[in-house]
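Because only heavy atoms are used, hydrogens play no part in the values below, and waters and symmetry mates are left out as well, while side chains stay in. Along the sequence shown, residues are numbered consecutively beginning with 1.
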Amino acid sequence: MPPNDRVPGKRPPRKAPTGGGRLAEAPSREDSTVLFDTAGGRGKRAGSEQTMLIDARALQPAAKARLVMTRGRRQGMEFPLRGTEVSIGRDPGSDVVISDISISRLHARMRRVPDGWLIADGGGNNGTRVNGLAIEEVLLHDGDLVELGGLELQFVEAPAEPDPGEAEEGEAAQRADPAARSRRRLLIAATATVALLVAIAAVKAAMGSGGAARVLTGAGPDRFAEARKLVLAQKWEPAKELLLKVQQDDPDNPEIRRYLETVTAEIENQRHLDAASAALQKGDLTSAEREIKLVGSGSLLSDAAAELQGKINAAVAAVAAQAGQKLAAGDLAGAKALMDQALAADPAQPEAIALQPKLASATALQRATAAERARMEAEHAAQLRLERGPVGQARGLFRNGDVAGAFAVLRSASGADAAPAGRLLADVSTFSSAFQRGKAAVQARRSQAAVDDLALAHDLAVRIGGADGSMAVSSGRLLAQEHDRLGLQARSSRQFERAFRHFSSAQQAFPGDDQSKEQLGRLSTDAHELFLTAYGQMENGDPAAAVRNFRLVVAMTGPGSIDHQKAQSWISQLGGKPAE
């Protein structure tokens with residue numbers, strides 16, 4: 001019969017899983033005394049029986065007690081028992097922490113008593129068994145097998161070394177008193193007889209009651225042990241298939257049912273884990289994240305799930321980093337697609353969250369730039385259309401001096417061209433009227449009236465046909481002549497500021513006007529001499545006269561002149577009002 005499926009009281013000897021020595025053979029019924037026979041265990045029907053054994057040899061004080069894992073993923077691990085109370089469970093605050101889905105948060109408690117170590121069930125769902133029997137509290141012996149959920153641990157307790165003097169005294173007393181030896185033999189025989197009867201009663205009760213201490217017979221134990229090995233190897237489907245067969249032999253066994261529930265859950269967990277891994281391989285991070293979250297937190301696959309979760313997190317972070325690179329490169333669409341992918345998989349992904357406002361700002365700027373570009377392109381397209389229609393034709397005719405031809409084209413415009421043609425027609429009409437009046441004023445020697453009308457005609461001519469158009473040049477030449485006439489009159493009357501304005505306006509209207517250019521040069525020379533005079537007056541203590549002449553220098557020169565700039569500076573320093 002396999003060692004994991006024992007009839008109570010028939011425990012085979014076990015070797016210590018660690019160290020070089022051997023464990024003492026587990027006590028048989030004949031070597032034990034009965035602590036108590038019956039107890040109302042958790043989850044058992046009234047009247048169910050449990051037999052708790054105490055090895056007479058273990059009544060001596062124990063030392064160096066420990067639990068050694070004999071079945072489970074951490075087989076061979078030792079848990080030393082220190083202090084007087086030890087808690088065992090999945091909770092990180094336990095004295096002995098065992099991370100396994102079959103272990104409750106507080107699965108069992110151990111307490112040091114004068115006779116050794118007591119173990120008590122913590123009241124969880126999966127129960128505690130000692131040597132195959134469900135227990136509430138029992139004193140452990142060296143070599144006892146403790147089953148916690150789906151795990152098995154062996155209680156190892158190296159006995160205290162006997163005092164040599166006491167041993168010698170005991171042996172001497174027995175040799176000296178034959179009656180004592182007889183009483184000891186009778187006590188051992190009586191104890192063995194009582195223990196054997198109690199063991200037989202316990203086995204019958206376990207087999208007939210259907211309680212937690214139910215014992216499998218025949219081929220059942222072998223198959224159940226094999227099924228548990230498959231569970232430990234995480235071969236869920238074969239384990240389930242074998243457990244279903246074992247359950248047919250013992251349909252009411254709660255331990256088989258618990259194993260089936262665990263295996264069924266782990267099959268589903270394995271499916272989610274495989275789906276998450278496949279989705280990660282395909283780059284479907286959203287599906288991978290969804291599937292990994294469905295793996296139970298207490299699953300036997302929790303370590304594999306945590307490792308895969310780390311890979312998914314790293315992949316999501318890499319996608320967020322790629323989104324940042326796309327944004328830096330100006331690929332806003334690519335950045336948004338990657339950012340959305342990262343946030344769909346993990347809405348709390350920090351890099352993707354930090355990227356959101358930056359992407360929104362860049363997107364708004366891109367839209368504004370695109371709108372402005374579209375507006376400019378629309379205006380340019382409209383301008384091209386106008387230039388190719390009646391408006392453009394009229395501008396060309398006007399530029400070449402054919403004002404009558406421009407009138408004719410503009411008056412014939414219709415449809416979409418009618419409105420812009422009408423506005424241009426008004427400008428051409430105004431130009432024509434002002435130009436004619438200006439020429440008439442020139443002939444009549446009314447220079448100021450001529451300047452006013454010709455200035456209006458010149459501005460319109462530049463706007464309609466450009467500064468180098470025929471009508472702009474004609475109107476500009478006449479305007480410059482009249483400015484020159486008025487400038488000479490102002491200079492002769494020593495109105496230097498007026499003279500400078502007229503000659504400057506003549507140059508602007510017609511840059512090729514030699515007379516205005518010559519007169520501006522003379523004014524500049526006169527202004528320089530006047531600047532020197534003003535400077536001398538300042539040096540000689542006549543600041544008022546100096547300020548008056550500095551003002552004339554400013555009026556006779558333009559802002560680009562050095563004398564103009566220096567004269568402005570001296571006016572400010574001498575406390576005069578700056579010249580306009």
Item to complete: Would you indicate whether Arg271, at its atom CZ, is surrounded by more than 12 heavy atoms from other residues, nucleotides or ligands within a distance under 6.0 Å?
Response: yes

Worksheet item: Backbone N or O of Asp121 within a donor-acceptor pair of the His107 side chain at under 3.5 Å?
Response: no

Practice prompt. Assess the side chains of Ser561 and Asp563: does a donor N or O sit below 3.5 Å from an acceptor N or O?
Written response: no

Worksheet item: Would Asp427 and Arg423 pass as an ion pair if we require N to O under 4.0 Å?
Response: no

Worksheet item: With distance as the sole test, does Arg90 use its side chain to make a donor-acceptor pair with the main-chain N or O of Ile103 at under 3.5 Å?
Response: yes

Fill in: N-O pairing of Arg385 and Asp417 below 4.0 Å
yes

Item to complete: Give the minimum heavy-atom separation between Leu523 and Ala499, together with the two atoms involved.
Response: CD1-C, 4.2 Å

Fill in: Lys/Arg-Asp/Glu bridge criterion (N-O < 4.0 Å) met for Glu237, Lys240
no

Worksheet item: Does Ala342 offer a backbone N or O that forms a donor-acceptor pair with the side chain of Asp346 under 3.5 Å?
Response: no

Item to complete: Could you tell me which non-hydrogen atom of Gly487 sits nearest to which non-hydrogen atom of Phe503, and how far apart they are?
Response: C-CZ, 3.4 Å

Discussion item. Are Phe531 and Trp570, when compared by the centres of their aromatic rings, separated by less than 6.0 Å?
Written reply: no

Worksheet item: Okay, side chain of His502, backbone of Asp484: is any donor-acceptor separation there less than 3.5 Å?
Response: no

Practice prompt. Dump the intermediate steps for side-chain contact (heavy atoms from CB on, under 4.5 Å) on Arg491 and Asp526, then the final yes or no.
Written response: CA-CA 11 Å; Arg491 181 180 175 79; Asp526 294 343; 2.5 Å; yes

Practice prompt. Could you please spell out the steps behind the side-chain contact (heavy atoms from CB on, under 4.5 Å) verdict for Phe435 and Leu478?
Written response: CA-CA 10 Å; Phe435 190 54; Leu478 286 175; 3.9 Å; yes

Worksheet entry | Criterion salt bridge (charged side-chain N to carboxylate O under 4.0 Å, His left out) against Asp453, the qualifying member of Lys439, Arg446, Arg437 | Arg437

Item to complete: Kindly indicate whether the side chain of Arg463, heavy atoms from C-beta on, has any atom under 4.5 Å from the side chain of Asp459.
Response: no

Fill in: Student check: side-chain heavy atoms of His483 and Gln508 closer than 4.5 Å
no

Worksheet item: Any sub-3.5 Å donor-acceptor pair from His564's side-chain atoms to Val553's backbone N or O?
Response: no

Worksheet item: Minimum heavy-atom separation for Val409 to Ala394, with atom names?
Response: CG1-N, 4.3 Å

Worksheet item: Between Gln507 and Asp513, is any pair of side-chain heavy atoms under 4.5 Å apart?
Response: yes

Worksheet item: Any side-chain heavy atom of Ile88 within less than 4.5 Å of one from Asp95?
Response: no

Worksheet entry | pair Ile464-Arg399: side-chain heavy atoms closer than 4.5 Å | no

Discussion item. Working note: Leu106 + Asp91, criterion side-chain contact (heavy atoms from CB on, under 4.5 Å); need CA distance, chi angles, decisive distance, verdict.
Written reply: CA-CA 7 Å; Leu106 176 59; Asp91 192 290; over 6 Å; no

Worksheet item: Would you call Arg109 and Ser87 a side-chain contact if the rule is heavy atoms closer than 4.5 Å?
Response: yes

Worksheet item: Is Arg258 salt-bridged to Glu261, going by a charged N under 4.0 Å from an acidic O?
Response: no

Fill in: Check: Asn269 main-chain N/O paired with His272 side-chain donor or acceptor under 3.5 Å
no

Item to complete: Write down the atom of Pro390, the atom of Leu410, and the distance for their closest heavy-atom approach.
Response: O-CD2, 4.2 Å

Discussion item. Does Leu273 form a side-chain contact (heavy atoms from CB on, under 4.5 Å) with Ile292? I'd like the steps, not just the answer.
Written reply: CA-CA 6 Å; Leu273 190 64; Ile292 201 68; 3.6 Å; yes

Practice prompt. Look at the side chain of Ser287 and the backbone N and O of Asp284, then say whether any donor-acceptor pair between them is shorter than 3.5 Å.
Written response: no

Worksheet entry | Under 3.5 Å donor-acceptor, Ser433 side chain and Thr430 backbone | no

Practice prompt. Using distance alone, with no hydrogens and no angle criterion, decide if Glu387 and Gln383 have a side-chain donor and acceptor under 3.5 Å apart.
Written response: yes

Worksheet item: Is any side-chain heavy atom of Arg485 less than 4.5 Å from a side-chain heavy atom of Arg445?
Response: yes

Worksheet entry | Residue Arg257 excluded, over 12 heavy atoms near CZ under 6.0 Å | yes

Discussion item. Counting C-beta onward and ignoring hydrogens, is there a side-chain heavy-atom pair between Ser569 and Gln573 closer than 4.5 Å?
Written reply: yes

Worksheet item: Has the side chain of Gln495 got a donor or acceptor atom that lies under 3.5 Å from a matching backbone atom of Arg498?
Response: no

Worksheet item: If every non-hydrogen atom of Val316 is compared with every non-hydrogen atom of Ala345, which pair is closest and at what distance?
Response: CG2-CB, 3.8 Å

Fill in: Donor-acceptor contact below 3.5 Å, side chain Asp100 vs main chain Ser102
yes

